[in-house]
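Below you'll find the structure, written out as structure tokens, and then a few comments.
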Amino acid sequence: MFETVLSPEVIAAKAAGAPIVALESTIITHGMPYPQNLETARLVEDTVRQNGAVPATIAVLNGVLKVGLTEDELEALAQLENAAKLSRADLAACLATKGNGATTVAATMIAARHAGIDVFATGGIGGVHQGAEQSFDISADLQELAQTAVTVVAAGAKAILDIPKTLEVLETLGVPVIAFGQDEVPAFWSRGSGLKAPLRMDTAKEIAQAQLMRTALSVPGGQLVANPVPLDAEISQADMQPIIAQAQAEAAAQGVSGKAVTPFLLQRIFELTQGASLDTNIALVLNNARLAAEIAAEMGHLRASNS
Ligand code: PSU
Ligand code: MN
């Protein structure tokens, strides 16, 4: 039907039964400015490797579903202007029309499952936007977590979202939200949100077991692991709050809507913090890549001992 191309590194990892960590690409094309996006993408891949797993950055290039990008492909993607932002609704259409696009959390989960990859690391997931009671803006990432069996490691949801409503929707959809090593849900740039996490786990092994047991129970879907940003990279909620409010006010005043909302807010917050938000973003993605590599390794051990 369509062409899926695995990178040589991913092919070798699959043949050896080695752990693989999927990585999204919307964070590269729409989440960070060039050239920090390319530098970060490389650093994230290297962090996965240093922690004993193989990275599989996912994107659509000329209508081909790429699972793992070569160095040249990564560089081309990071500089691609007008790359489509592909979520569940767009992925098949982009393949059919031979387009180029970067995958969101939702589309990366679909591609990862298709390629037999269990674990995926990113920065933040999409969720329920503030004012969703008016705009109905709720990310397709939440539905995807409910139906696609991939464990997603993120640093929680950004405070540009309505975090309590995001947690409520995840609960309704039956998505496990697991805080790693603490009781509170982390809030992306900040370790705390003031909200108690529905679940807490302290080891990669428990997280891997929980995913496999969910699947064994025939409950579809994945799980969200909320991994707090490292202490030395944190920006407090008090510092972030006025900046987020300003970015949101500008988005509303300019009539930004739909898929453009998240990229607009991220870019404005980057500018308003003079880049500090980006440093924190990079630190937390690397931290998530480390944990995801550990979970992928545990998943491999468990699968081997169960078979
Ligand atoms: N949140 C971030 N950084 C990001 C995104 C979300 O902190 O780069 C990206 C992810 O790819 C996520 C997508 O899946 O935005 C969600 O977009 P939407 O809200 O339009 O579903
Ligand atoms: Mn949206």
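Please read these numbers as outputs of a predicted model, since none were measured by experiment. Both counts, for ligands and for their atoms, begin at 1 and track the order of listing.
The distance from ligand 1 to the heavy atoms of Glu24 drops below 4.0 Å at these ligand atoms: 10 (C), 11 (O). Listed by number with element, the atoms of ligand 1 under 4.0 angstrom from any heavy atom of Phe188 are 7 (O). Per-residue contacts place Leu266 under 4.0 angstrom from the following atoms of ligand 1 (heavy atoms of the residue considered): 3 (N), 4 (C), 8 (O). For ligand 1, the atoms lying closer than 4.0 Å to a non-hydrogen atom of Lys85 are 17 (O), 18 (P), 20 (O).
Remark: side-chain polar atoms of Thr148 are not paired, donor with acceptor, to backbone N or O of Ile110 under 3.5 angstrom. A donor-acceptor pair under 3.5 Å is formed between the side chain of Ser190 and the backbone N or O of Ile235. Remark: side-chain polar atoms of Lys14 are paired, donor with acceptor, to backbone N or O of Ala115 under 3.5 angstrom. For the pair Glu298 (side chain) and Ala204 (backbone), a donor-acceptor distance under 3.5 Å is absent.
Between Lys66 and Glu73, at least one side-chain nitrogen of the basic residue sits less than 4.0 Å from a carboxylate oxygen of the acidic one, meeting the salt-bridge criterion. Salt-bridge check for Arg290 with Glu294: failed, with every basic side-chain N at 4.0 Å or more from each acidic carboxylate O.
Polar contact check, Gly126 against ligand 1: no nitrogen or oxygen pair lies under 3.5 Å apart. Backbone and side-chain nitrogen or oxygen atoms of Lys158 are examined, and one is located within less than 3.5 angstrom of a nitrogen or oxygen of ligand 1.
At least one heavy atom of His129 sits less than 4.0 Å from an atom of ligand 1.
Here the protein heavy atom with the shortest distance to atom 21 (O) of ligand 1 is Ser139 OG, 2.7 Å. From the protein, the heavy atom lying nearest to atom 8 (O) of ligand 1 is Ile27 CA, 3.7 Å. For atom 9 (C) of ligand 1, the closest non-hydrogen atom of the protein is Thr26 CG2, 4.1 Å. Distance from atom 1 (N) of ligand 1 to its nearest protein heavy atom, with residue and atom name: Gly124 O, 3.4 Å.
In summary, the aromatic rings of Phe2 and His114 are positioned with their centroids under 6.0 Å apart.
Between Leu23 atom CG and Asn288 atom CG the span is 10.5 Å, to the nearest 0.5 Å. The distance from the CG atom of Leu265 to the CD atom of Gln246 is 11.5 Å, given to the nearest 0.5 Å.
Of all N/O/S atoms in Asp137, OD1 sits nearest the Mn ion (ligand 2).
Contacts between Asp141 and ligand 1 below 4.0 angstrom, taking non-hydrogen atoms only, involve the side chain exclusively. If you look at Asp137 next to ligand 1, there are no close heavy atoms at all, none under 4.0 Å. At a heavy-atom cutoff of 4.0 Å, ligand 1 is contacted by the side chain of Thr262 but not by its backbone.
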Glu144/Arg88 under salt bridge (charged side-chain N to carboxylate O under 4.0 Å, His left out): CA gap, chis, key distance, verdict: CA-CA 8 Å; Glu144 205 59 53; Arg88 165 171 275 258; 2.6 Å; yes
